[in-house]
There are 2 protein chains.
Amino acid sequence: MSADPALRREIPDATVARLPEYLRTLSRLAEDGVLSVSSEELAAEVGVRSAQLRKDLSHLGSYGVRGVGYDVETLALEISRALGLTEDWPVAIVGMGNLGHALASYSGFVTKGFRIVGLYDDDPALADERIVGVAIRPLAELTEHHAVDPIAIGVIATPAPAAQAVCDALVGAGISSILNFAPAVLSVPSGVDVRRVDLSTELQILAFHAQRKSLAAGDLRSAVAAP
Amino acid sequence: MSADPALRREIPDATVARLPEYLRTLSRLAEDGVLSVSSEELAAEVGVRSAQLRKDLSHLGSYGVRGVGYDVETLALEISRALGLTEDWPVAIVGMGNLGHALASYSGFVTKGFRIVGLYDDDPALADERIVGVAIRPLAELTEHHAVDPIAIGVIATPAPAAQAVCDALVGAGISSILNFAPAVLSVPSGVDVRRVDLSTELQILAFHAQRKSLAAGDLRSAVAAP
DNA sequence: AGACGTTTGTGAACCCATGCACAAAGTTGA
DNA sequence: TCAACTTTGTGCATGGGTTCACAAACGTCT
């Protein structure tokens with residue numbers, strides 16, 4: 001009777017960030033032949049509180065059955081729909097160094113919905129190499145390519161100094177969703193969505209906590225000062 | 001007169017997550033010969049509000065000068081200290097497929113403080129290959145290696161099904177900081193710190209927002225229901 | 001020396017996210 | 001059919017994080 005809440009209500013960012021994890025776990029359960037899960041069980045698998053899981057799911061609609069739990073198949077489908085994975089998302093990768101190669105051949109990349117349609121690099125040494133059936137082309141051909149076969153998401157896998165120029169090229173071609181692996185802050189017009197994945201940032205955060213642990217563990221060299 | 005606040009106070013997680021970005025930007029400014037920045041300028045570079053930057057920095061101590069700003073060199077050093085980057089962090093990578101290779105040769109990896117001391121993979125085809133001067137060894141040698149030349153951080157770059165076993169091996173050897181690139185939730189004893197980086201999660205979040213944008217942009221097919 | 005302009009550091013208000021606890025709703029079994 | 005049990009969906013309280021706004025502190029200029 002009521003419209004799909006995923007299209008009408010606002011889904012909090014924190015929830016959206018967890019939906020892929022729920023979906024992945026549900027897919028695994030489905031493969032294992034599990035038909036139904038309770039919020040308690042699923043939450044335990046994913047590593048969150050059951051109340052949080054239920055509240056997250058409530059933002060997409062009411063797909064559970066009280067006293068029973070959630071149908072695995074149905075819930076997976078509804079999360080896929082909410083995330084937009086029932087559509088097809090053509091992806092282009094710019095920068096085919098080590099990281100670009102790894103991304104292009106990463107199997108998890110090709111999972112539902114995502115499809116690599118373009119690989120770009122200006123290095124002539126890479127020209128016309130093919131990865132997963134897609135040729136590597138110079139970046140200048142991006143706009144032309146995009147006009148023929150539209151790209152929804154651009155992935156930047158270049159060194160940091162080139163990232164802003166590549167980003168400008170992507171935005172200029174009309175791409176408004178960008179995943180940036182370069183350690184650089186990109187400035188983009190409003191309406192363009194950038195997410196950054198940064199290895200060294202993650203390492204530094206780990207280092208911070210490791211340092212905290214080692215200091216807490218009775219390393220009294222640091223107790224330099226007193227009141 | 002007072003002790004280093006970084007060692008006495010608690011630094012919020014949200015702040016810690018931003019410190020690497022501040023540090024990177026400060027390093028770039030230092031290279032460009034900039035001696036001093038205001039919170040307003042630095043915040044603009046990083047893409048945060050100046051009040052947030054000041055509050056973040058206030059957690060490490062009081063290193064600014066009112067009416068002037070922050071000394072670039074000093075602030076970079078203090079952030080490095082807070083993050084623990086004045087120490088040396090030996091890193092091991094497990095899983096030398098495409099991603100492992102890319103990580104090992106990633107230049108940003110070797111930046112201050114981090115040093116690759118071990119590469120592991122059980123595939124005999126990779127045995128004794130060397131990357132950046134480090135040999136690839138079978139995972140069974142991890143514990144022995146760790147005893148001789150301690151490893152602070154373990155990086156998991158294997159396929160998802162192998163991730164938990166690798167994680168158990170790392171934890172068993174005594175490593176308590178883990179960076180996980182496999183799309184799997186790892187269960188670890190308390191005291192072990194795991195951070196996950198997942199490409200397909202990031203893509204799915206982008207897809208969600210892209211879908212939202214296209215729905216909002218006058219795509220009225222979806223306006224199915226009305227009161 | 002003193003007034004003025006600038007910028008930091010932080011108290012206070014707001015906002016979002018998490019976790020608790022329970023009523024509502026469904027199933028199962030007698 | 002009805003009672004007992006299970007599990008969802010959610011109102012409410014709690015806690016962190018972000019932003020505002022301003023007093024305190026510093027340099028500069030006269």
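To find a chain, count down the sequence lines: A is the first, B the second, and so on, and within it residues start at 1.
Ion pair B/Arg24/B/Glu45 not flagged as a salt bridge, since none of the NZ, NE, NH1 or NH2 atoms sits closer than 4.0 Å to an Asp/Glu carboxylate oxygen. A salt bridge links B/Glu78 with B/Arg81: the distance from a Lys NZ or Arg NE/NH1/NH2 to an Asp or Glu carboxylate oxygen falls below 4.0 Å.
The shortest distance between the side-chain N/O atoms of B/Tyr63 and the OP1/OP2 oxygens of C/dT7 is not below 4.0 Å. Side-chain nitrogen and oxygen atoms of B/Tyr70 include at least one within less than 4.0 Å of the OP1 or OP2 phosphate oxygen of C/dG9. The shortest distance between the side-chain N/O atoms of A/Ser62 and the OP1/OP2 oxygens of D/dG9 is below 4.0 Å. The side chain of B/Ser39 places an N or O atom within less than 4.0 Å of a non-bridging phosphate oxygen (OP1 or OP2) of C/dT8.
A side-chain N or O of B/Asp168 and one of B/Gln164 form a donor-acceptor pair less than 3.5 Å apart.
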Note, DNA chain D 5' to 3' with Watson-Crick or G-U pairs under 3.5 Å encoded as ( ), [ ], | and . gives ||||||||||||||||||||||||||||||
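In this structure, B/His101 and A/His101 have side chains that are not in contact, with every pair of non-hydrogen atoms separated by 4.5 Å or more. Counting heavy atoms from C-beta outward, B/Leu179 and A/Leu199 have side chains that stay 4.5 Å or more apart. When side chains are defined from C-beta on, B/Val72 does not count as touching B/Leu35, because their heavy atoms never get closer than 4.5 Å. In this structure, A/Val192 and A/Leu186 have side chains that are not in contact, with every pair of non-hydrogen atoms separated by 4.5 Å or more. Residues A/Leu29 and A/Glu41 are not in side-chain contact: their nearest non-hydrogen atoms beyond the backbone lie 4.5 Å or more apart. Side-chain contact check for A/Arg54 versus A/Tyr70: some heavy-atom pair is nearer than 4.5 Å.
For the pair A/Glu40 CD and D/dG9 C1', the interatomic distance rounds to 14 Å; values are reported in whole Å. Whole-Å rounding puts the B/Leu19 CG to D/dG17 P distance at 13 Å. If you take CG of B/Asp71 and P of C/dT7, they are 16 Å apart, rounded to a whole angstrom. Rounding to whole angstrom units, CG of residue B/Leu53 and C1' of D/dT18 are separated by 13 Å. Put simply, CG on A/Leu75 is 11 Å from P on D/dT8, counting in whole angstrom units. Per the geometry, CG belonging to B/Leu60 stands 10 Å off P belonging to C/dG9, to the nearest Å.
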Please write out the pairs of protein N or O atoms and N or O atoms of nucleotides 12-21 of chain C separated by less than 3.5 Å, giving the distance to one decimal.
unit_1 : atom_1 : unit_2  : atom_2 : d
C/dA12 : N6     : B/Lys55 : NZ     : 3.1
C/dT18 : OP1    : A/Arg18 : NH1    : 2.7
C/dT18 : OP2    : A/Arg18 : NH2    : 2.9
C/dT18 : OP2    : A/Gln52 : OE1    : 3.2
C/dT18 : O5'    : A/Gln52 : OE1    : 2.8
C/dG19 : O6     : A/Lys55 : NZ     : 2.7
C/dA21 : N6     : A/Arg54 : NH2    : 3.4

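Between the side chain of A/Arg66 and the base of D/dT7, no donor-acceptor pair of N or O atoms lies under 3.5 Å.
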